[in-house]
2 protein chains.
Amino acid sequence: MTGRITITDVAQAAGVSVATVSKAINGRDGVSRATLAHVMRVVDDLGYESSLVATSMRRSRTNVIGVLVAEFEPFALQLLRGVSDALRDTRYDVLSYAGTVSAGEHHGWERRSLSRLGGTLIDGAILVTPTIAPDAPIPTVAVDPHVGTSRPATVSVQNVAGARAATEHLLTLGHRRIAHLRGRTDLESAQQREEGYRAALDAAGIRYDPALVADGGYRAAESTAGAHALLDLADAPTAVFAANDVSAIEMMRVATERGLRAPDDLSVVGFDDIPEAASHAPQLTTVRQPLLEMGAAAVRMLLAMLDGTEPDGVRMPTELVVRASTAPPRG
Amino acid sequence: MTGRITITDVAQAAGVSVATVSKAINGRDGVSRATLAHVMRVVDDLGYESSLVATSMRRSRTNVIGVLVAEFEPFALQLLRGVSDALRDTRYDVLSYAGTVSAGEHHGWERRSLSRLGGTLIDGAILVTPTIAPDAPIPTVAVDPHVGTSRPATVSVQNVAGARAATEHLLTLGHRRIAHLRGRTDLESAQQREEGYRAALDAAGIRYDPALVADGGYRAAESTAGAHALLDLADAPTAVFAANDVSAIEMMRVATERGLRAPDDLSVVGFDDIPEAASHAPQLTTVRQPLLEMGAAAVRMLLAMLDGTEPDGVRMPTELVVRASTAPPRG
DNA sequence: GTGAAAGCGCTAACAA
DNA sequence: TTGTTAGCGCTTTCAC
């Protein structure tokens, strides 16, 4: 709990000016071998490390990449892991920041975070499920972006195909009353997943029933009401395609609470394949997104941007993973 | 990619001084209602957000809590999630930092990270599996600390009991050649888990065989050699208690690579119960640590410290979770 | 009620 | 080779 050791402390202890210490630390020339050695020894003795904050105020580069998230939920965490792995053995450190989503102020967290950290602290940012595309002060890559993104620097997946495969899986099992627990409608991914759901129904000649679509917002807390609403229906669905895994899991939780079992009474398919999907009981049938690879792709794009080139966006494949939460309808 | 909007821009646009803008933003008094309203409107128009960096250089408080990790691996990520959840609805934002572990320089990352962020940027830190106890410039809580921690502010679990339960489970199944894939020996947890392993063997009257203990370092990459070594043994083990889940999973991977199957040819038990444990095939039998609760506990302790009180350390219970990676030995 | 000025820790011109 | 100085964006005295 002692105060931090600053460059001034080092300078004093070494009997030189702070400028000399700064040069020594950063390997600039204009420092004699003797002074360099001496300063470095004092640095070691005192255990001095330069303050990231002060350094980044003065310098343009910090060699830190920021992963900006609204919330540390499983999707973001897996992505973070992919980013971090990809950044190992580069000169970059990783810093992840979750700005407070002050009650309802969901919108705009990315602008706030970017504004607070960008230009200082981080050299580039990876935005996870951003709501808007703020004009960033630094190179920025968006993962699973909002709708209508015009900038090329985005990483996303084949949502339509994935959602369609999920729905077709349920159709193949014999389900006809298939509900959809929708995602965050401001995100492109949620809209595309709903589109895939409807396309599959269309192709099967099943009329779209708006009553079978409820809002889940990609979050457990926001899915609860929707899950109940679907099960309250007079002609309740026998299967649900949830827009992501956490809402699928919440769907099953609500069903269980009401005395229904998956997959016997209700089949449920998710989307994402977060680690929790396979550890749930029953194991969740879901559409796999290659989250670690997506993190790595985001890193590649960001490094390219930092190098001055403007990379193309990437859209990665998805894959249906059939597990235990789906079965033919009863009766 | 436009330059950041600074307080100076706001001041200029509003036709007032930066001091006035600062006061307005921070709700200090000494600003007329009219000026306040006017400044706030300009702030909104320009989309200004104060720079975290600049602010934290000048102020002592930043209302940001740092979670400092060596690496974003599953254990740290789950903990981060717990911390983040616990910090919701407080005035604190979460920032997580993984300093580069420059080849071999594993030791001391926490001192570097703390030094670079502490005193500025973050008000308090949660250190995940720190190797040493640096005297921190700010309140600090250690989760799963190194050996011989003297400070009270630590969060850990009942490692001995957990490890003992894991080993006893294997004994009960009928195993006698039980190996141990050790963890990071600089951490208290790894030593205690080995202790629990040996205690269980002792109690069962089985002589400890040093050849059956290999190093895993809690990491997949470091477990590979140890896993091979154990399987290379003339009298190979029929079961392995790995010090954490990632090394248990690596153990199984190596076994599979060599044509062995879990649990038929080799039973494996892990420790942690990260989400990946249950999603692995076969599902991993493991010792559960309440990771989310541990994150929440760390937050409680840290907030107490920020309030000026010195909290006691906590040690949480573990629980054996039997899944599919363990079975009686063959023959 | 408002603004000028100092200074947080650091780096980069520039002078000596 | 070294030190002096200015200034990054912000907050905080302290004059006015």
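Numbered from 1 within each chain, the chains take letters A, B, ... in sequence-line order.
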Report yes or no: does [X] contribute a side-chain atom to a donor-acceptor pair with the main-chain N or O of [Y] at less than 3.5 Å?
X: Arg91(A); Y: Asn63(A); answer: no
X: Glu110(A); Y: Thr131(A); answer: yes
X: Ser84(A); Y: Leu80(A); answer: no
X: Arg219(A); Y: Gly217(A); answer: no
X: Asp85(A); Y: Gly82(A); answer: no

What are the atom names and distances for every N/O pair under 3.5 Å that joins the protein to nucleotides 13-16 of chain C?
none

Looking at [X], I'd like to know whether one of its side-chain N or O atoms comes within less than 4.0 Å of OP1 or OP2 on [N].
X: Arg59(B); N: dC8(C); answer: no
X: Thr55(A); N: dG9(C); answer: no
X: Thr35(A); N: dT2(D); answer: yes
X: Ser32(A); N: dT2(D); answer: yes

Salt-bridge criterion met for Asp93(B) and Arg112(A) (N-O under 4.0 Å):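 Yes, Asp93(B) and Arg112(A) are salt-bridged.
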Flag the pair Glu222(B) and Arg184(B) as a salt bridge only when some basic side-chain nitrogen lies within less than 4.0 angstrom of an acidic carboxylate oxygen.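 No salt bridge links Glu222(B) with Arg184(B).
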From [atom1] of [X] over to [atom2] of [N], roughly how many Å is that when rounded to an integer?
X: Leu121(A); N: dG9(D); atom1: CG; atom2: C1'; value: 13 Å
X: Arg28(B); N: dT2(C); atom1: CZ; atom2: P; value: 16 Å
X: Ile25(B); N: dT12(D); atom1: CD1; atom2: P; value: 12 Å
X: Leu46(A); N: dG9(C); atom1: CG; atom2: P; value: 15 Å
X: Ile5(B); N: dC10(D); atom1: CD1; atom2: C1'; value: 16 Å
X: Asp9(A); N: dC10(C); atom1: CG; atom2: C1'; value: 13 Å
X: Arg4(B); N: dC10(D); atom1: CZ; atom2: C1'; value: 10 Å

Of the listed nucleotides (dT2(C), dC10(C), dG9(D)), which one gets closest to any side-chain atom of Ser51(B)?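 Ranking dT2(C), dC10(C), dG9(D) by closest atom to the Ser51(B) side chain puts dG9(D) first.
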Among dG9(D), dG3(C), dC10(C), the nucleotide that comes nearest once only the side chain of Met57(A) is considered: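 Selected nucleotide: dG9(D).
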Hey, which sits more toward the 5' end of DNA chain D by its nearest nucleotide, Thr20(A) or Thr20(B)?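 By nearest-heavy-atom nucleotide position, the 5'-most residue is Thr20(A).
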Per the atom types in the model, does the base of dG7(C) pair as donor or acceptor with the side chain of Arg58(B) at under 3.5 Å?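 Flag set: donor-acceptor pair detected.
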Relative orientation of the end axes in the helix from dG1(C)-dC16(D) to dA16(C)-dT1(D), expressed as an angle to the nearest 10° (five pairs per end):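 Angle reported: 50°, given to the nearest ten degrees.
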Any side-chain hydrogen bond (donor to acceptor under 3.5 Å, both in side chains) pairs touching residues 72-81 of chain B, not counting sequence neighbours?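 Found Glu276(A)-Arg81(B).
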With a 4.0 Å cut-off on heavy atoms, is Asn26(B) in touch with a base, just the backbone sugar-phosphate, or nothing at all?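 Counting heavy atoms under 4.0 Å across all strands, the contact made by Asn26(B) is with sugar-phosphate only.
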Side chains of Thr62(B) and Leu121(B), heavy atoms from C-beta outward: is any pair under 4.5 Å?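 A side-chain contact is absent here, since even the closest heavy-atom pair is not under 4.5 Å.
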